[in-house]
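Below is one structure, written out as structure tokens; comments come after it.
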Amino acid sequence: DRVQMGWKYSWVDLAFSVIGVCTFLVDWGSDIWVATEFYCRGDVLWFGVLVGLMALSSVVVQMFSWFWFQYDRELPGVVMFGDRVKLSCLVHVLQLGFLCRNFWVIWQGFRVWRRHKDGSEYAVYLTHDLSMLRLIETFCESAPQLTLMIYVMLQTNKARTVQCDVAASTTSMAWMVVDYHRSLRSFVPDKAKQTWSSSVVYFLWNLFLMAPRVAALALFTSVLPAAIVPHFALIWVVFVLWAWRQHTDFMDSAGGEWLYRATVGLIWYFSWFNVAEGRTRGRSVIYHAFVTVDCGILLTTWWVYRDPLRSQSYSLGLAVSLPLIYTAGLLLKTLYYCCFHPKLWRPGEEPLDLPDSEVTVRNMSPQNGSRAQPLVNKRMARLAASFYWERAPHRHESAERAESPV
């Protein structure tokens, strides 16, 4: 039988939505504060890079939000803008689409909480999209900005104002990891639900892998600032082509899909992100082997070209600790997949039926309280399928192994 995901929107989901929008606003506020400080001190280059990263992130997120609004216009219950296409276009042009989605989800979540879960599935559907937008915003803005802030600290040997932005960017990235993991977990049947301990391990291995990567990029930039742009461009192109070779199908249009692949290339520059089913372990090993070698080259280049006197207080500590932290992250990731990661099929059984990597949910429209047509969340369901689902062996393969004496 088809797997029915009976999602329920709880007060915890509402709290996550509220904290998420607060984190977003604090992060943007700290960015504006730091940009103002750079401008007032005459650091025009750093000011331009910071503002450019903020603008790029905002434009990318608004484009995704606009594409999804276009895709969802005909779906029952998705009424954030209704048929008011011009209004939606204006909101996204003004770079307010993501913020509007945040407040809309909080409002719908409050109504669900007040009505005792009437319209729960609709609120969860909106939350899934918002979780993905937060992930995109984090890797388009917070991760590059964190690299820039660490670079500024290395260049000036002072924390000053940028220390606040480092804390805000780190908090934003950490919250994104937890929120995204919660969103993926909601696609898992109750019998395979993960515990909070698995979320902690998931958070730690992501943190231990991302932090050394960002630090290595910042250290490399501190000695060869002109080389970081071609370094990013070359690796980003390779990653985009790799995403294309994996035949991703996250978006519902060709233009949207290439936007997604370009974004995946940016995410992979900082962290692993599974985008397609099948052979996930092999792709993960290839990715981490490549990034490990790249980080080794970055750290070696920094060590050779660094100023020994200026970096005397921290150079040896970073050279030793960063590889150890990255190794710990790989070990924690292995532990997660061995002990905490649910596989949605059992040995000797058929895999749970999830046709075309889609999950069908029953939608209760919060507007009129009446049953609507089934609503299919194709976006996050496909990512969840890539993250959790594994191919079960065919029946004849299982039988052959059972009969084999080996």
Side-chain angles (χ1 to χ4, degrees), residues 31 34-35 38 41-57 60 138-159 162 165-166 169-170 173 209-243 261-273 286-326 329:
D31 292 341
V34 173
F38 284 161
R41 293 204 307 260
D43 298 322
V44 180
L45 178 60
W46 295 344
F47 167 79
V49 173
L50 181 58
V51 173
L53 290 174
M54 294 172 62
L56 174 65
S57 169
V60 171
T138 294
F139 282 102
C140 287
E141 180 185 351
S142 297
Q145 283 184 4
L146 185 58
T147 305
L148 172 64
M149 295 302 107
I150 296 176
Y151 163 76
V152 171
M153 292 171 64
L154 292 171
Q155 289 294 100
T156 61
N157 270 337
K158 296 180 181 178
V162 300
D165 202 50
V166 168
S169 296
T170 305
M173 293 176 64
L209 292 180
M210 284 190 293
R213 175 63 175 173
V214 170
L217 291 168
L219 291 170
F220 174 77
T221 307
S222 68
V223 295
L224 294 176
I228 191 63
V229 174
H231 176 270
F232 166 76
L234 289 173
I235 293 180
W236 176 75
V237 169
V238 171
F239 282 157
V240 171
L241 293 176
W242 195 27
R261 291 165 182 164
T263 306
V264 168
L266 175 58
I267 294 175
W268 280 345
Y269 189 70
F270 295 99
S271 179
W272 172 244
F273 177 67
I286 293 173
Y287 171 83
H288 286 298
F290 176 84
V291 171
T292 299
V293 172
D294 184 58
C295 287
I297 294 174
L298 295 175
L299 287 176
T300 302
T301 303
W302 164 72
W303 182 265
V304 171
Y305 288 96
R306 81 191 193 286
D307 185 338
L309 294 177
R310 192 174 185 181
S311 62
Q312 183 178 7
S313 61
Y314 59 82
S315 58
L316 182 60
L318 289 178
V320 173
S321 62
L322 291 181
L324 290 178
I325 293 173
Y326 193 83

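- Asp31 CG to Met54 CE: the interatomic distance, rounded to the nearest 0.5 Å, is 5.0 Å.
- In this structure, Trp46 contributes its side chain and Val152 its backbone to no donor-acceptor pair below 3.5 Å.
- Residues Leu50 and Phe47 fail the side-chain proximity criterion, which asks for heavy atoms closer than 4.5 Å.
- The shortest distance between side-chain heavy atoms of Cys140 and Leu266 falls below 4.5 Å.
- Put simply, the side chain of Val291 reaches to within 4.5 Å of the side chain of Tyr326, judged on heavy atoms.
- In this structure, Ser271 contributes its side chain and Ile267 its backbone to no donor-acceptor pair below 3.5 Å.
- Of the candidates Phe270, Phe290, Trp272, Phe239 forms a ring pair (Phe, Tyr, Trp, His ring centres under 6.0 Å) with just one, namely Phe290.
- Taking every heavy atom of both residues into account, Ala262 and Val240 meet most closely at CA-CG2, 3.8 Å.
- The shortest heavy-atom contact between Leu318 and Pro323 is O-CD, 3.9 Å.
- Among residues at least two apart or in separate chains, there is no side chain to side chain donor-acceptor pair (under 3.5 Å) pair with a member in residues 300-315.
- Residues Met210 and Phe139 have side chains in contact (heavy-atom distance under 4.5 Å, counting atoms from C-beta outward).
- Residues Ile150 and Leu154 have side chains in contact (heavy-atom distance under 4.5 Å, counting atoms from C-beta outward).
- The ring of Trp268 has its center no closer than 6.0 angstrom to the ring center of Trp236.
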List, one per line, each side-chain donor-acceptor pair under 3.5 Å for residues 212-233, sequence neighbours excluded.
{"residue": "Arg213", "atom": "NE", "partner": "Tyr269", "partner atom": "O", "Å": "2.8"}
{"residue": "Arg213", "atom": "NH1", "partner": "Asp294", "partner atom": "OD2", "Å": "2.5"}
{"residue": "Arg213", "atom": "NH2", "partner": "Tyr269", "partner atom": "O", "Å": "3.2"}
{"residue": "Arg213", "atom": "NH2", "partner": "Asp294", "partner atom": "OD2", "Å": "3.1"}
{"residue": "Thr221", "atom": "OG1", "partner": "Leu217", "partner atom": "O", "Å": "2.7"}
{"residue": "Ser222", "atom": "OG", "partner": "Leu219", "partner atom": "O", "Å": "2.5"}
{"residue": "His231", "atom": "ND1", "partner": "Tyr269", "partner atom": "OH", "Å": "2.8"}
{"residue": "His231", "atom": "NE2", "partner": "Asp294", "partner atom": "OD1", "Å": "2.9"}
{"residue": "His231", "atom": "NE2", "partner": "Asp294", "partner atom": "OD2", "Å": "3.3"}

